[in-house]
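As a basis for the values below, the full set of heavy atoms in this structure was taken, side chains included, without hydrogen atoms, waters or symmetry mates. Numbered from 1 within each chain, the chains take letters A, B, ... in sequence-line order.
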Amino acid sequence: MGSASRAIPLKYSAAEAEAKWRAVWDENGLHRWDPKIDRAHTFVVDTPPPTVSGSLHVGHVFSYTQTDVVVRYQRMLGKNIFYPIGWDDNGLPTERRVQNYFGIRCAPHLPYDPNWKPSSDRQDKDKVVEISRRNFIEACAILTAEDEKAFEKLWRTVGLSVDWSLQYATIDKHCQRISQLSFLDLVAKGEVYNTVAPTMWDVDFRSAISQAEVEDREIGGHFHDISFEVEGGGDFTIATTRPELLPACIAVVAHPDDARYQKFFGKRAYTPLFEAPVPIVAAEHADPEKGSGILMVCTFGDIMDVQWWRKSGLPARQVIGLDGRIVAPVFGNAPFDSRNPARANSNMQLLAGLTVKQAQKKIVELLAHENSSADGKHKALLADPKPIMHPVKFYEKGDRPLEFIPTRQWFQKILDHKEALLAQGRKVEWHPAFMQTRYEHWVQGLNQDWCLSRQRYFGVPFPVWYPIDKSGAPDYGHPLYADKAQLPIDPLTDCPTGYSTEQRDKPGGFTGDPDVMDTWATSCVTPQIASHWQLDPARHHGLFPMDVRPQAHDIIRTWAFYTIVRAWNHEGQIPWKNALISGFIVDKDRKKMSKSKGNVTTPEGLLTEHSADAVRYWASRARLGVDTAFDKKLFEIGNKLCTKLFNAAKFVVGHFDRTNLDLNKLDLAAICEPLDLALVEKLRTVISEATRNFDRFDYAVALQGTEDAFWNFCDHYLELIKVRAYSESDSTGRASALATLGWSIRTFIKLFAPVVPFVTEEIWSWTFAGEGRDCSVHTSSWPTIEEVENVERPANAKAFDAALELTGKIRGAKTAAQKSLRWEVKSVTATGSSEAEEALRTVLADVLSAGNVVQGGFKFVRGEAEPGQMFNVSVILAEQWVAPARDAS
RNA sequence: AGGCACGUAGCUCAGCUGGUUAGAGCGCUUGCUUCACACGCAAGAGGUCCCCGGUUCGAAUCCGGGCGUGCCUACCA
């Protein structure tokens with residue numbers, strides 16, 4: 001390549017270069033996966049599908065970039081890269097966004113209107129329009145498609161080297177098919193069941209949710225001291241935060257060793273206001289230290305109630321409806337016993353229809369005004385409620401506390417398999433390793449099977465129908481499952497085999513399961529979705545188990561966990577060999593960035609303000625698993641690095657063009673000067689370390705080592721060899737310098753390519769670009785020390801350090817005298833050991849020419865140097881400015 | 001309440017399989033327009049390595065106990 005063909009801009013323009021290379025990469029299909037290459041030579045990524053219904057977060061840019069850096073390294077190793085991208089578009093977040101965006105709500109009973117179109121700029125958007133289920137799903141699809149385009153644009157801007165032909169969306173037909181196949185496989189293996197059970201329920205979304213989606217929130221509440229009358233005389237006081245559950249009380253329990261209550265065990269108590277007889281029972285979970293040591297078991301206040309109720313065999317008394325309002329059961333009929341049904345029912349009527357919060361207020365009034373018993377001797381509410389702050393369980397996306405409500409749900413067996421799942425987790429390599437502990441703790445702490453079903457619309461339906469018996473009741477005990485070949489199906493529009501459409505919802509006919517799956521029930525099969533499990537066995541086995549799963553630590557309990565569960569269910573395997581757990585971006589006060597705190601920088605803003613390379617540099621500086629403070633200065637540093645790379649490369653190219661040498665035909669055999677040999681030796685270490693660290697997914701450490709070496713190369717090596725490189729007379733020395741320069745800059749460009757792919761590609765295009773894989777730096781081969789195996793080792797290991805030390809001291813003298821670094825030096829006297837003299841000998845000419853020391857101006861004296869120094873140096877500068885000679889030789 | 005991590009220069013972070021005088025970048029101070037780069041270069045100031053014990057010839061590093069921060073989990077009558 002001659003100099004004429006090069007058009008190197010004076011300054012590097014990131015915006016221009018990045019736009020150019022993005023387009024070129026797309027055209028060349030540089031990031032395409034090749035299905036013909038075997039597993040051993042393929043690097044497979046289980047890319048997280050971001051939730052498109054929210055805006056992306058700088059944390060996403062941060063962690064996705066980290067993955068891309070790892071991938072780009074693997075690509076340079078020559079691996080075939082399988083790097084898909086998905087969009088998580090089903091689920092509650094999408095429904096909520098669609099409702100607000102279009103001002104609509106799903107009303108499943110309405111018929112489909114084929115002419116209805118959603119509109120985001122309706123005048124009367126605050127007036128909610130009810131639409132059919134199918135129209136609602138269509139609206140969801142329209143908005144998510146728009147969101148996905150915006151996401152794709154962002155990922156392209158940041159330069160993710162994903163294969164855009166491997167795109168999927170969790171709501172698309174393919175994902176539905178895999179999710180349903182996965183479900184049917186669980187059916188075949190007896191791993192799922194449907195049953196009516198008390199399940200955590202969000203009263204606003206009106207859906208069941210799973211343990212993994214629960215979070216605690218510290219909220220205000222009140223302790224109420226309520227007196228219960230004991231059958232046959234006596235009383236006790238219960239302290240409760242949930243007096244509205246009084247009608248749902250089925251028992252009271254105290255610890256078996258609690259002397260205060262032992263006398264009551266076996267007797268019955270009467271609930272205030274309702275006078276329902278409830279057994280007084282000993283139970284281990286009652287803590288004598290807490291409250292009054294005796295507590296109500298209600299159906300259902302919390303998970304303890306549920307667990308105790310299961311063991312007790314007592315009937316449930318459900319008083320909270322699916323909408324979070326109090327229902328009015330009739331006392332006097334089982335299971336709502338009462339000594340005084342008339343009084344119980346009149347009290348119940350006062351509560352009926354109220355929300356939990358309203359009911360609590362009402363019942364406190366009633367308790368305050370009424371006596372607990374018919375004889376009037378017992379006050380029910382013993383004191384004013386005492387305010388407390390206590391943690392309460394919420395759906396992570398919900399606004400009101402969760403209730404336990406018995407509903408029919410699909411569950412996947414988890415509790416039976418804890419040991420196996422722990423073992424699977426141990427087979428995965430977690431990066432950083434301590435993240436495995438989080439997985440272990442989560443699995444050990446699980447107390448419920450996975451509730452798979454959600455009473456929502458925009459999601460993957462269960463491929464299930466139920467027969468309807470003669471009386472018109474669905475027979476949930478004998479579900480009709482879809483054939484695998486039929487998938488994907490929607491049981492609300494498709495028919496089970498052997499039935500016809502007219503039989504839908506008719507006695508003797510069938511009914512479709514109305515629920516959709518938990519969004520994680522789709523996300524957890526992303527490896528199978530990408531590998532086409534059960535659809536294309538060859539492809540599946542060519543990709544599975546995958547190499548890496550990148551994700552954040554907050555979803556170890558959901559995404560990582562469920563993915564491990566399903567891979568084990570289906571094939572007894574781990575889904576991936578490595579879990580790369582990224583840290584969070586936190587603000588200056590080390591708080592997690594979140595919209596509600598108003599401390600969010602948007603990714604779009606980030607990428608208009610800074611170049612993609614600068615953003616990528618920022619992300620690459622942070623190690624896996626380490627939360628990092630958002631610091632704008634890192635972008636500046638990244639920018640500087642790019643500029644420096646550009647300029648250093650320009651410098652090297654200049655020398656090759658001037659001497660008519662070809663960068664693509666480096667003559668490494670010409671490297672013979674001791675300083676050059678020393679540099680090559682330094683870079684051998686840099687290459688080995690970077691490779692070792694990249695192999696361990698320690699891209700940040702690799703970057704740090706490369707960066708340090710590069711700035712040293714620029715500040716010291718380039719200065720030291722300048723005179724020799726420009727020399728007209730020392731052709732051997734010049735050839736050695738140029739070959740070293742060419743190889744070094746090529747090495748640096750490659751080492752930096754995964755982190756700053758745009759500027760390195762730009763440089764590559766006018767330096768080393770060639771045919772085949774060498775058309776792009778990103779498919780060129782990762783540097784190895786074998787490239788320079790024929791370059792001899794430096795004779796003196798300390799030569800480089802000696803050169804740096806003497807150079808530094810000459811520079812220091814000039815700086816101290818406030819003179820230019822080009823200022824002429826009359827004499828330099830170095831004092832040191834013979835060892836130091838020997839180290840310096842071979843590189844002395846380079847040092848003296850770089851320091852502009854006059855001919856014959858150097859003297860070495862044997863003697864003692866300061867501790868930690870190779871030599872002491874005294875420098876005498878010229879009295880006047882003398883222009884330096886161009887050719888020092 | 002338990003677990004996991006973190007606490008090093010004004011800031012962001014390395015170092016932590018124990019070993020001369022604890023590092024980098026940014027910021028700050030002082031110089032230098034130098035033939036790749038002033039988005040540069042050189043030099044400089046700046047640290048009770050959170051605290052208290054212990055092990056050791058020697059501790060930022062290992063052990064014990066605190067304190068502080070973040071996250072996860074549990075309890076939550």
*Base, sugar-phosphate, or nothing: which does A:Q211 touch, judged by heavy atoms less than 4.0 Å apart?*
sugar-phosphate
*Which is true for A:A286 with a 4.0 Å heavy-atom rule: it touches a base, it touches only sugar-phosphate, or it touches nothing?*
base
*Output the distance between atom OG (A:S13) and atom CZ (A:F646), rounded to the nearest 0.5 Å.*
9.5 Å
_Length of the line joining A:R438:CZ and B:A5:C1', which is rounded to integer Å_ = 7 Å
Please write out each protein N/O paired with an N/O of nucleotides 22-31 of chain B under 3.5 Å, distance rounded to 0.1 Å.
residue	atom	partner	partner atom	Å
B:U30	O2'	A:Q818	NE2	3.4

_Complement of B:G68, any strand, by Watson-Crick or G-U distances under 3.5 angstrom_ = B:C6
*For A:E213 and B:U73, give me the distance from atom CD to atom P, rounded to whole Å.*
13 Å
*Can you tell me the distance, in whole Å, between the CH2 atom of A:W430 and the P atom of B:C4?*
16 Å
*Determine the contact category for A:D302: base if any of its heavy atoms lies under 4.0 Å from a base atom, sugar-phosphate if only primed atoms, P, OP1 or OP2 are that close, otherwise nothing.*
sugar-phosphate
*asked:* Using the rule given for ring-ring contact (aromatic ring centres under 6.0 Å, His included), can you reason through A:H255 versus A:Y261, listing the C-alpha separation, both sets of side-chain angles and the distance that settles it, and then say yes or no?
replied: CA-CA 8 Å; A:H255 196 271; A:Y261 305 110; over 10 Å; no
*Respond yes when some side-chain nitrogen or oxygen of A:K809 is under 4.0 Å from OP1 or OP2 of B:A42, and no when none is.*
no
_Among B:C39, B:C75, B:G70, the nucleotide that comes nearest once only the side chain of A:T643 is considered_ = B:C39
*Would you mind classifying the nucleic acid contact of A:F646 as base, sugar-phosphate or nothing, using non-hydrogen atoms under 4.0 angstrom?*
nothing
*Report the residue (A:L634 or A:T437) whose heavy-atom-nearest nucleotide on RNA chain B is the more 5′ of the two.*
A:T437
*Please give, in whole Å, the distance from B:G70 P to A:I581 CD1?*
22 Å
*Minimum-distance nucleotide (side-chain atoms of A:R822 versus B:C35, B:C76, B:C39)*: B:C35
*A:E805: side chain to side chain contact (heavy atoms under 4.5 Å, CB included) partners, not counting sequence neighbours*: A:K809, A:Q869, A:M870, A:F871
*Please give, in whole Å, the distance from B:U34 P to A:L718 CG?*
19 Å
_Any A:E215 side-chain heavy atom under 4.5 Å of A:K393 side chain_ = no
*A:W711 or A:F434, whichever maps to the more 5' nucleotide of RNA chain B*: A:F434
_Nearest-angstrom distance, P atom, B:G46 to B:A5_ = 36 Å
*asked:* Would the base of B:C32 count as contacting A:S820 through its side chain, where contact means a donor and an acceptor less than 3.5 Å apart?
replied: no
_By the 4.0 Å heavy-atom rule, please label A:C714 as base, sugar-phosphate, or nothing._
base
*Paired with B:A74: which nucleotide, if any, by Watson-Crick or G-U wobble criteria at under 3.5 Å for both distances?*
none
*Is there a side-chain contact between A:F768 and A:I745 (heavy atoms, below 4.5 Å)?*
yes
*Between A:V252 and A:V281, is any pair of side-chain heavy atoms under 4.5 Å apart?*
no
*Quantified in whole Å, what is the C1' atom distance between nucleotide B:C4 and nucleotide B:A74?*
15 Å
*Could you give the CD-to-P distance, from A:E215 to B:U73, as a whole number of Å?*
10 Å
*Could you pull out all residues at least two apart from A:W618 that satisfy ring-ring contact (aromatic ring centres under 6.0 Å, His included)?*
A:F62, A:F630, A:F635
*asked:* When both hydrogen-bonding distances must be under 3.5 Å and the geometry is Watson-Crick or G-U wobble, what is B:C62 paired with, if anything?
replied: B:G54
*Who are the side chain to side chain contact (heavy atoms under 4.5 Å, CB included) partners of A:K640, not counting sequence neighbours?*
none
*Starting at atom NE2 of A:H285, determine the distance to atom P of B:A74, rounded to an integer number of angstrom.*
17 Å
*OG1 on A:T706 to CZ on A:F710, rounded to 0.5 Å*: 11.0 Å
*Using purine N1 to pyrimidine N3 plus N6-O4 or O6-N4 for Watson-Crick, or N1-O2 and O6-N3 for G-U wobble, each under 3.5 Å, what pairs with B:C41?*
B:G31
*May I have all residue pairs that pass side-chain hydrogen bond (donor to acceptor under 3.5 Å, both in side chains) and include part of residues 712-723 of chain A, sequence neighbours excluded?*
A:D676-A:Y717, A:N712-A:H716, A:E719-A:K722
*Determine: side-chain N/O of A:K632 to OP1/OP2 of B:U12, distance under 4.0 Å, yes or no.*
no
*asked:* I'd like to check the ring-ring contact (aromatic ring centres under 6.0 Å, His included) partners of A:F697; sequence neighbours left out, ordered by chain and number.
replied: A:H431
_Atom P, compared across B:A45 and B:U29: separation rounded to whole Å_ = 16 Å
_List the residues meeting side chain to side chain contact (heavy atoms under 4.5 Å, CB included) with A:A383, not counting sequence neighbours, and say none if there are none._
none
*What is the base-pairing partner of B:U12, counting Watson-Crick and G-U wobble geometry with both distances under 3.5 Å?*
B:A24
*Which of these nucleotides, B:G3, B:C35, B:A14, is closest to any side-chain atom of A:V626?*
B:A14
*Quickly work out the A:H390 NE2 to B:A1 C1' distance and round it to whole Å.*
18 Å
*C1' atom, B:C52 versus B:G68: distance in rounded Å?*
15 Å
*Gap in Å between the two P atoms, one belonging to B:G31 and one to B:C71, rounded*: 47 Å
_Nearest to the A:K11 side chain among B:C75, B:C39, B:U73, which nucleotide is it?_
B:C39
_Atom P, compared across B:U17 and B:A60: separation rounded to whole Å_ = 14 Å
_Counting only side-chain nitrogens and oxygens, does A:R557 get under 4.0 Å of the OP1 or OP2 atom of B:C72?_
no
*asked:* Should the side chain of A:D216 and the base of B:C75 be counted as holding a donor-acceptor pair, with the cut-off at 3.5 Å?
replied: yes
*Could you check which of B:C35, B:A42, B:G40 has an atom nearest any side-chain atom of A:K644?*
B:G40
*asked:* Just to be sure I understand the rule, does A:E719 reach a base, reach only the sugar-phosphate, or reach nothing, if contact means heavy atoms closer than 4.0 Å?
replied: base
Could you go through nucleotides 15-17 of chain B and list every protein N or O atom that sits under 3.5 Å from one of its N or O atoms, giving the distance for each pair?
none

*B:C67 and B:C39: how far apart are their C1' atoms, nearest whole angstrom?*
43 Å
*Under the side chain to side chain contact (heavy atoms under 4.5 Å, CB included) rule, collect the residues that match up with A:T558, sequence neighbours excluded.*
A:A212, A:W520, A:I555, A:Y562
